[in-house]
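Down below is the structure, laid out as structure tokens.
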There are 2 protein chains.
Amino acid sequence: MPAGFAKAELIAVLVAVTDNEPRVMTLRGGEALPSGPFESKHRSLQSGLRDWIESQTGHPVGYLEQLYTFADKDRDPDAPADKRRISIGYLGLVREQSAAGAGRPAWHSWYEYFPWEDRRDAYSAEVTTITERLDSWASGDPHYRQRIDFLFGLNGKAWNEDLVLQRYELMYEAGLLDGAELGRPMAGDHRRILATGITRLRAKIKYSPVVFELMPESFTFLQLQRTVEALSGLRLHKPNFRRQIDHQELIEETGEMSSGTSGRPAKLFRYRPAILEAQTLSGTRLPVSRH
Amino acid sequence: MPAGFAKAELIAVLVAVTDNEPRVMTLRGGEALPSGPFESKHRSLQSGLRDWIESQTGHPVGYLEQLYTFADKDRDPDAPADKRRISIGYLGLVREQSAAGAGRPAWHSWYEYFPWEDRRDAYSAEVTTITERLDSWASGDPHYRQRIDFLFGLNGKAWNEDLVLQRYELMYEAGLLDGAELGRPMAGDHRRILATGITRLRAKIKYSPVVFELMPESFTFLQLQRTVEALSGLRLHKPNFRRQIDHQELIEETGEMSSGTSGRPAKLFRYRPAILEAQTLSGTRLPVSRH
DNA sequence: CCTTTTATACTCCTTATGAGTACATTGAAG
DNA sequence: CTTCAATGTACTCATAAGGAGTATAAAAGG
């Protein structure tokens, strides 16, 4: 086979949020991400993947974007060099998990695989284990010390929820992921691909209204907040969250009220995709000169 | 050949800034981006590409990141379906253009290909041509009207320099790119790949210190500003640019002064990569609750 | 000496954001 | 029926960041 030919497949990180847990679609009892060979019948990868996902989950994919193409040699140590496997990863958001599609997919909380990424409540016991083991691995090297502090928010540094992949890679490098003690493993490099997806999504919710792809038609402020909290793994300040959302004019009242919950009923809102154009919220951080 | 095998190649958007112009490395007289077959000898795509670029340009690549994987069917209409070409695109930044490497690469300003993206000074004549032709294409459809206004900053909307790819795709859809009148064409879909690279870089300079990969060892504030202006295609407000930069503590004085220019000599600065950890500047836009 | 060009330091005002307080409604426990 | 827990909603206050413009300093060149 001439150089330049390789086995190509698609692999999907499909996310939904149910019961305030971010869930990812898995196969093989939760140890693999859905993937399949690169089919040639569709015009684009995107449209082909979209069809495939809808047949699997029974739900339309609200949002789909290319994540990353994984092709390093060490992902598949046994494969011959000229048949290196290329996986084109996609991140997809679906509105809710389905009962059962063709492949009977199972949805698992992504914190099963990355328990240390959930900082909504008390840190899990794993966190101290991790930092202790990282400490002994670094054995006083100031360069690694600084990196650990930065990635895990230690010694005065703030925790940054976006650094999912970098934390995973440090732990991998330190040999903490060989056993099954720290989070649930996955086949091959699927857990790294999942980490890539979480990283992308956590970054994205800050400057783009993708969260609404995960919300039902109408929802309360608190439901929206809980969804963002689930994704970011952080607790948010309620009044400030409200202020930020309605300052952006992304949602509007439906006129209905929530019911069935304890506490005072809340107004229901819906997303206003009409405003979608103005979405590129952040816009500029450059000090532009407007004359 | 079984399904799942495809021809894979690497393609690079290599950027340098010289004489206040953002330049991209090209082959074949400026009509193609450098690309090559997927070689299997390196551990990762990244390291293989890095070596290749250094041999081509004679300069080390300061920064290299994966851009996007292009695989749509219509990029190569003549190819049989089962031999679809997959191109893995990378964005690389080099410090200056070299005299001549092995492949005698030529550097062209990226505004040759996208003249409408340069808004540093008076808009080029092309801009009015474009909006007129888009207008007649949209022929009053309010949906397209709104999209044109948003993408090109018309009718009260602000120009957003990040929407390079979206503008290119709208123009493509409207059939404005068939001839050679609007910017210089490139082979195949290379111009779209370049648009993807520019889009990524323009977004990136806002929240990450990648600009410094394009700067010489020491530089003045104005040189830095001119580089950012070249990349973003915008004029910046000088005092505010200064304030923003030194507020971030990314650079420090070398102690030297600039010379040889007209006007008052300026202090020279250097980048402080020591602070690189704290780079993730933007950090949070979520109203986190810190207890 | 005066003009041009670049460098650098401020001021002013508005908006965004972190943090906390106060009060309103509901259902459930006692 | 009262109280409380849980949720919803409206504020205030202080600080930081950002847009816009002004003022002064230091060089080169006529």
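Chain letters run A, B, ... following the sequence lines, proteins first, then strands; residues in each count from 1.
Between B/Asp246 atom CG and C/dA7 atom C1' the separation is 13 Å, expressed in whole Å. With rounding to whole Å, B/Arg243 atom CZ is found 9 Å from D/dA20 atom C1'. Between A/His237 atom NE2 and D/dA10 atom P there is a gap of 15 Å when expressed in whole angstrom units. One interatomic measurement links the two molecules: CZ of A/Phe241 to C1' of D/dC11, which rounds to 19 Å at whole-angstrom precision. The distance between atom NZ of A/Lys267 and atom C1' of D/dT7, rounded to the nearest whole Å, is 14 Å. In this entry the distance linking CE of B/Met257 with C1' of D/dA25 reads 11 Å, nearest Å. Atom CG in B/Asn240 sits roughly 16 Å away from atom P in C/dC13 (whole-Å rounding). Atom CD1 in A/Ile245 sits roughly 14 Å away from atom C1' in C/dA16 (whole-Å rounding).
In the model, B/Tyr63 has a side-chain atom that pairs as donor or acceptor with a side-chain atom of B/Glu65 under 3.5 Å.
Nearest to the side-chain atoms of A/Pro239 among the listed nucleotides D/dG18, D/dT7, D/dA10 stands D/dA10. Picking from C/dG18, C/dC10, C/dA19 the nucleotide with the shortest atom distance to the side chain of B/Pro287 gives C/dG18.
Interface remark: the B/Arg264 side chain does not form any donor-acceptor pair with the D/dA27 base, using a distance-only criterion of under 3.5 Å.
Side-chain atoms of A/Thr220 never come within 3.5 Å of backbone atoms of A/Leu268 as a donor-acceptor pair (strictly under, hydrogens ignored).
Among B/Glu229, B/Glu161, B/Glu117, the one residue that satisfies the salt bridge (Lys or Arg N to Asp or Glu O under 4.0 Å) test with B/Arg202 is B/Glu117.
Under the 6.0 Å cut-off for aromatic ring centres, B/Phe269 and B/Phe219 do not qualify, their centroids lying 6.0 Å or more apart.
With DNA chain C read from its 5' end, the first of the two nearest nucleotides for A/Pro265 and A/His247 is the one closest to A/His247.
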